[in-house]
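Taking it in order: structure first as structure tokens, then the write-up.
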Amino acid sequence: MQRLDHQFIDNRWVPSKGSRLLAVTDPYREEIIAEVTAGDAADVAAAVAAARRALPTWLALSGAERARYLEGFAEALIRRRDELTYLSSTNNGKVLAETRIDLDDAVACYRYYAEQARALDARQGERVDVGMDGVEVRCYHDPAGVVGLITPWNFPLVTSAWKLAPALAAGCCVVLKPSEVTPLPERALAEIAQEIALPPGVLNLLFGDGEGVGAPLSQHPGVDKLSFTGSNRIGESVMRAAAACTKGISLELGGKSPIIVLEDADPEQAADWVMAGIYFNAGQICSATSRLLVHESLAESLYAALARRIDALTLGDPLEEGTQMGPLTSMRQRDAVMQYLAVAQQEGLVAVRDASHRELPRQGFFLAPTLYRDVPTTSRLWREEIFGPVLCARRFSDEEDAITQANDSDYGLAATVISGDAARARRLGRQLQAGSIWINSEQLVLPQTGWGGFKRSGIGRELGPWGLAAYLEVKHLIGTS
């Protein structure tokens, strides 16, 4: 069993000041596989101080020089592919196919921001045409400074790449806090920093929970910018802490995303995309399309197609190649989802498929892939983020009804539209209130496209040029030519 009681500060592993230890569990075998320090405010202070010392040297490098380090991260991740996919599966409960996608996406992200770092050099000092004779204006992009990055447990390698790669490309120095539930995959980032000789203090990685590390990091006056991905409840507390020091902030929070299936869609193809949108990673996805809106003429055939696919899903050991859905990442998360299933029973929801339709593996924090039909819009299951393999369905009568129901949500992270007419689907997509809208597609998330949401789904965007801009401050020099 591993014991993660050291923190990575100034490119060295130093003993944590924290006195508490937290258990890290394999959610399939239900065994403790590591103990990790809960961290302490003193750890945070040391890491922030290291980052501030490193900042002048790191920001003085050119974008091209920083790009070489980002490519070093990408190449090291590839070298560690087997090790990291194993760690992700045993720590998260992800099936192997999903962990490989995660790692490939992380590699693509580091490479994309290496190119963005190089391109940043060419943008420095660009002339701004203000239309005034004798006046010269030039624009520069400076790093935001020391940034605190807080990542979630559902996609550790990917979400850390979405934050770390643009922050380093911009010239920021970093204090990264992985989730205490899944610290094993992200530990590799510190080891890689040593392998590629990243300058000391540029990346500091602190193990710990919200109390030990998250709160002190959010409140620390030496942190210029915070980026958080996780629940709305914690995100709002991070936002309050940032407000106290007027820090910059990016938040990627919850979702309750719709998937609209129009009457001209092929129900079999639509069923494949619906399945991918809700049961990938056992439904533990902020963008999970957990609200199915289907035209009333297609509802019964789509439910039948989904039932067949749900029955065919193979649940089991995430390390077995044939497994299609693993356990939920923690007992706590499984119990949280089970509370929603109890609510469904109280509300009298009708299941097309639930736990009564299949036998679950004898070990692991499993929940049956579940589909409820004709769910009232007043149901908590229709309105609240569940973060598990629970799909709720409703019918609609026409396009206006579909759009109204889809946008009737506190959230606006993502959506999908499925139609036999792609142009029609795109027209409807333009009316949806969400940051990413897939048209006749599974959930493709690409480094070149922005990621973030409307309404309570967050503030700001990750990925694409917007992800880099989140770690830059814009400066203009204005004077006579």
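For the single chain, residues carry numbers from 1 onward in sequence order.
- Ion pairing between a basic and an acidic side chain is recognised when a charged N comes within 4.0 Å of a carboxylate O; Arg118 and Glu71 show such pairing.
- Using a 4.0 Å cut-off between charged nitrogen and carboxylate oxygen, Arg79 and Glu195 count as a salt-bridge pair.
- Between Val24 and Gln2 there is no side-chain heavy-atom pair separated by less than 4.5 Å.
- Remark: Arg332 CZ is loosely packed, at most 12 non-hydrogen atoms of other residues, nucleotides or ligands lying under 6.0 Å away.
- A distance of 10.5 Å separates NZ in Lys177 from CZ in Phe207, rounded to the nearest 0.5 Å.
- The closest side-chain heavy-atom distance from Arg424 to Glu399 is below 4.5 Å.
- A salt bridge links Asp26 and Arg29; the closest N-O separation between the charged side-chain nitrogens and carboxylate oxygens is under 4.0 Å.
- Asn232 is listed as a side-chain neighbour of Arg456, based on a closest heavy-atom distance under 4.5 Å.
- In summary, Glu384 and Arg233 do not engage in a salt bridge, as defined by a charged side-chain N under 4.0 Å from a carboxylate O.
- Looking at Leu184 and Leu4, their side chains come closer than 4.5 Å, going by heavy atoms from C-beta outward.
- Around CZ of Arg427, the count of heavy atoms belonging to other residues, nucleotides or ligands within 6.0 Å exceeds 12.
- Residues Thr329 and Asn154 fail the side-chain proximity criterion, which asks for heavy atoms closer than 4.5 Å.
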*Evaluation steps, side chain to side chain contact (heavy atoms under 4.5 Å, CB included), between Ile285 and Phe280*: CA-CA 8 Å; Ile285 321 174; Phe280 187 85; 3.8 Å; yes
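- Taking the six-membered ring for Trp and thresholds of 30 and 60 degrees, His295 and Phe396 have ring planes more than 60 degrees apart, a perpendicular arrangement.
- When all heavy atoms are compared, the tightest approach of Tyr279 to Pro369 is CE2-CB, 3.7 Å.
- Using a 4.5 Å cut-off on side-chain heavy atoms (C-beta onward), Tyr28 and Gln363 make contact.
- A pairwise comparison of heavy atoms in Leu413 and Gly255 identifies CB-CA, 4.5 Å as the closest pair.
- Annotation for Leu302 and Pro267: closest pair CD1-O, 3.6 Å, computed over non-hydrogen atoms.
- Taking NZ from Lys455 and CG from Asn407, the interatomic distance works out to 5.5 Å, rounded to the nearest 0.5 Å.
- Trp153 pairs by the ring-ring contact (aromatic ring centres under 6.0 Å, His included) definition with Phe387, not counting sequence neighbours.
- Residue-environment remark: CD (Glu268) exceeds the threshold of 12 foreign heavy atoms within 6.0 Å.
- Here NZ of Lys256 is found 10.5 Å from OG1 of Thr289. Values are rounded to the nearest 0.5 Å.
- A distance-only check finds no donor-acceptor pair linking the side chain of Arg461 to the backbone of Gly435 [under 3.5 Å].
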*Given Arg383 and Asp410, is the side chain to side chain contact (heavy atoms under 4.5 Å, CB included) satisfied, shown in steps?*
CA-CA 8 Å; Arg383 308 205 73 85; Asp410 291 336; 5.6 Å; no
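- A donor and an acceptor atom, one from each side chain of Thr85 and Lys94, are nowhere located under 3.5 Å apart.
- With rounding to the nearest 0.5 Å, the separation of CD in Glu320 from OG1 in Thr314 is 11.0 Å.
- Salt bridge present: Arg309 and Asp272 bring a charged side-chain N and a carboxylate O closer than 4.0 Å.
- Salt bridge annotation for Glu300-Arg373: present, with a cationic side-chain nitrogen under 4.0 angstrom from a carboxylate oxygen.
- In this structure, Leu328 CG and Leu367 CG are separated by 5.5 Å, a value rounded to the nearest 0.5 Å.
- Between Asp354 and Leu341 the shortest side-chain heavy-atom distance does not fall below 4.5 Å.
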_Residue pair Leu371, Ile310: steps toward the side chain to side chain contact (heavy atoms under 4.5 Å, CB included) verdict_ = CA-CA 9 Å; Leu371 165 60; Ile310 291 171; 4.1 Å; yes
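- Checked by atom type, the side-chain pair Ser419/Asp264 shows a donor-acceptor distance below 3.5 Å.
- A salt bridge does not link Arg395 to Asp401: none of the charged side-chain nitrogens sits closer than 4.0 Å to a carboxylate oxygen.
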For residues 155-176, tabulate all N or O donor-acceptor pairs below 3.5 Å that involve a side-chain atom, not counting sequence neighbours.
| from | atom 1 | to | atom 2 | distance (Å) |
| --- | --- | --- | --- | --- |
| Thr159 | OG1 | Phe155 | O | 2.6 |
| Ser160 | OG | Pro156 | O | 2.8 |
| Ser160 | OG | Leu157 | O | 3.0 |
| Lys163 | NZ | Ser227 | OG | 2.9 |
| Lys163 | NZ | Thr229 | OG1 | 2.8 |
| Lys163 | NZ | Glu462 | OE2 | 2.9 |

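- The pair Arg380-Glu347 does not meet the salt-bridge criterion, since no charged nitrogen lies less than 4.0 angstrom from a carboxylate oxygen.
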*Do His141 and Val474 pass the side chain to side chain contact (heavy atoms under 4.5 Å, CB included) test, and can you show the C-alpha distance, the side-chain angles, and the key distance before you say yes or no?*
CA-CA 5 Å; His141 306 272; Val474 176; 4.2 Å; yes
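- Residues Asp408 and Thr404 form no side-chain contact, since every pair of their non-hydrogen atoms from C-beta on lies 4.5 Å or further apart.
- Note that the CG atom of Asn92 and the CG atom of Asn281 stand 7.0 Å from one another [nearest 0.5 Å].
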